[in-house]
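Everything on this sheet refers to the single structure shown next.
The figures that follow rest on heavy atoms only: side chains count, while hydrogens, waters and symmetry mates do not. Residue indices begin at 1 and follow the sequence shown. All of these numbers come straight from a predicted model, not from anything done at the bench.
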Amino acid sequence: MAVRDEIGLTKTAFVFAGGGSFGAIQVGMLHSLASHGITADMVVGSSVGALNGAFYAGDPTLKGVERLGTIWRGLTRQDVFPMSWRTVLSFLWRRDFLIPHDGIRKLIEDHIPYRNLQDAKLPLHIVTTDIVTGDSVVLSEGPIDEAIVASTAIPGAFAPVHYRNYYLADGAISSNTPIQVAVKKGARRLIILPTGHACATQTPPVGAVANALHALTLLIARQLVSELESLGPEIEYFVVPPLCPLVGSPYDFSRTADHIARAIETTDAWLAQHSLQEGRIPDEMRPHSH
């Protein structure tokens with residue numbers, strides 16, 4: 001049984017994992033949850049989940065989720081990972097990063113109406129990683145653009161963000177995130193929105209960034225399982241099942257509309273089975289082939 005707060009309610013967190021273009025799956029999950037009147041008291045997000053979580057925290061309504069879906073359906077790889085001969089030459093010359101942060105910054109400026117984390121309609125906590133120590137650094141106030149850019153900065157692809165006294169990179173790298181963050185911030189009921197990972201195949205993804213993203217999604221999935229298994233009995237948790245089979249790469253934005261539609265359908269079916277009454281780790285989160 002979850003611990004109740006002063007007014008007799010359990011504080012619920014939506015926990016958004018990372019996963020590149022598979023973040024579209026979270027949009028479908030959110031759409032289904034919002035359609036069923038399921039809401040959060042706080043939002044915790046890491047990597048692409050920081051972007052989705054920040055948008056949701058600014059407009060936690062079905063209409064807001066539908067707007068997020070429209071944004072995602074219009075995204076291309078170039079919007080998020082702007083690549084050119086100039087960026088490749090810059091990487092070869094400077095040897096520090098391959099992709100500029102311009103794409104993510106433009107997405108934030110165009111679509112997130114508030115400028116500071118503390119101005120969101122729901123308490124928002126964005127998870128980043130201190131690349132010097134490997135520790136999680138949780139940002140709950142300050143500039144929204146710096147927090148999201150840091151949380152989505154895949155090492156080797158994007159330069160780390162110098163913020164205050166830290167050099168921050170992708171929140172998906174550090175352990176004990178983002179579930180433990182939600183618990184530390186007072187949540188006693190967790191609804192986790194994973195992106196999943198491409199089902200096991202015989203061949204790795206093609207390209208450096210695609211490989212890095214695929215490795216991160218596998219890492220995230222394994223972290224989620226081990227962290228959930230270590231939670232105490234006072235914490236209720238529910239994992240929205242990711243898509244299976246899930247094909248493609250988290251670097252591929254051509255399947256976005258299909259990911260959203262399938263995630264709405266599978267989450268609707270999951271909710272219809274009264275799955276928010278008994279938490280368990282979905283089989284889709286464990287290593288498997290399709």
Distance-only, no hydrogens or angles: does the E265 side chain make a donor-acceptor pair with backbone N or O of G28 under 3.5 Å? no
Considering residues at least two apart in sequence or located in another chain, which fulfil the side chain to side chain donor-acceptor pair (under 3.5 Å) criterion with D258? none
Under 3.5 Å, is there a donor-acceptor pair between the S32 and D268 side chains? yes
Partner of S47 under side-chain hydrogen bond (donor to acceptor under 3.5 Å, both in side chains), chosen from T129, D170, T152: D170
Given L30, which of I260, V240, L68 fulfils the side chain to side chain contact (heavy atoms under 4.5 Å, CB included) condition? L68
Going by side chain to side chain contact (heavy atoms under 4.5 Å, CB included), name the residues that satisfy it together with Q118, two or more places apart in sequence or in a different chain. N116, E141
State which residue, out of D59, I148, L107, D145, fulfils the side chain to side chain contact (heavy atoms under 4.5 Å, CB included) condition with I112. I148
Test item: Y166 side-chain N/O and V132 main-chain N/O as donor-acceptor pair under 3.5 Å: no
If you compare all heavy atoms of N52 against all heavy atoms of G23, which two are closest, and at what distance to 0.1 Å? ND2-O, 3.0 Å
Please confirm whether the backbone N or O of G18 pairs with a side-chain atom of S46, one donor and one acceptor, at under 3.5 Å? no
Result for side chain to side chain contact (heavy atoms under 4.5 Å, CB included) between K185 and one of P178, S140, P123 points to S140
Please name the pair of heavy atoms, one in F55 and one in H111, separated by the smallest distance, quoted to 0.1 Å. CE1-O, 3.3 Å
Applying side chain to side chain contact (heavy atoms under 4.5 Å, CB included) to A169 and not counting sequence neighbours gives I131, P155, I173
Report the distance from atom CG of L75 to atom OG1 of T256, rounding to the nearest 0.5 Å. 6.5 Å
Between R189 and A13, is there a donor-acceptor pair closer than 3.5 Å when you use the side chain of the first and the backbone of the second? no
Of D41, I191, L190, which meets side chain to side chain contact (heavy atoms under 4.5 Å, CB included) against F14? I191
Q26 side, atom CD; L33 side, atom CG - distance, nearest 0.5 Å: 11.0 Å
Between the side chains of S275 and W270, does any donor sit under 3.5 Å from an acceptor? yes
Taking all atoms of both residues into account, what is the closest heavy-atom pair of D252 and S21, and its distance? O-OG, 2.8 Å
Looking at A263, is its backbone amide N or carbonyl O close enough to the side chain of T266 to form a donor-acceptor pair, meaning the two atoms are under 3.5 Å apart? yes
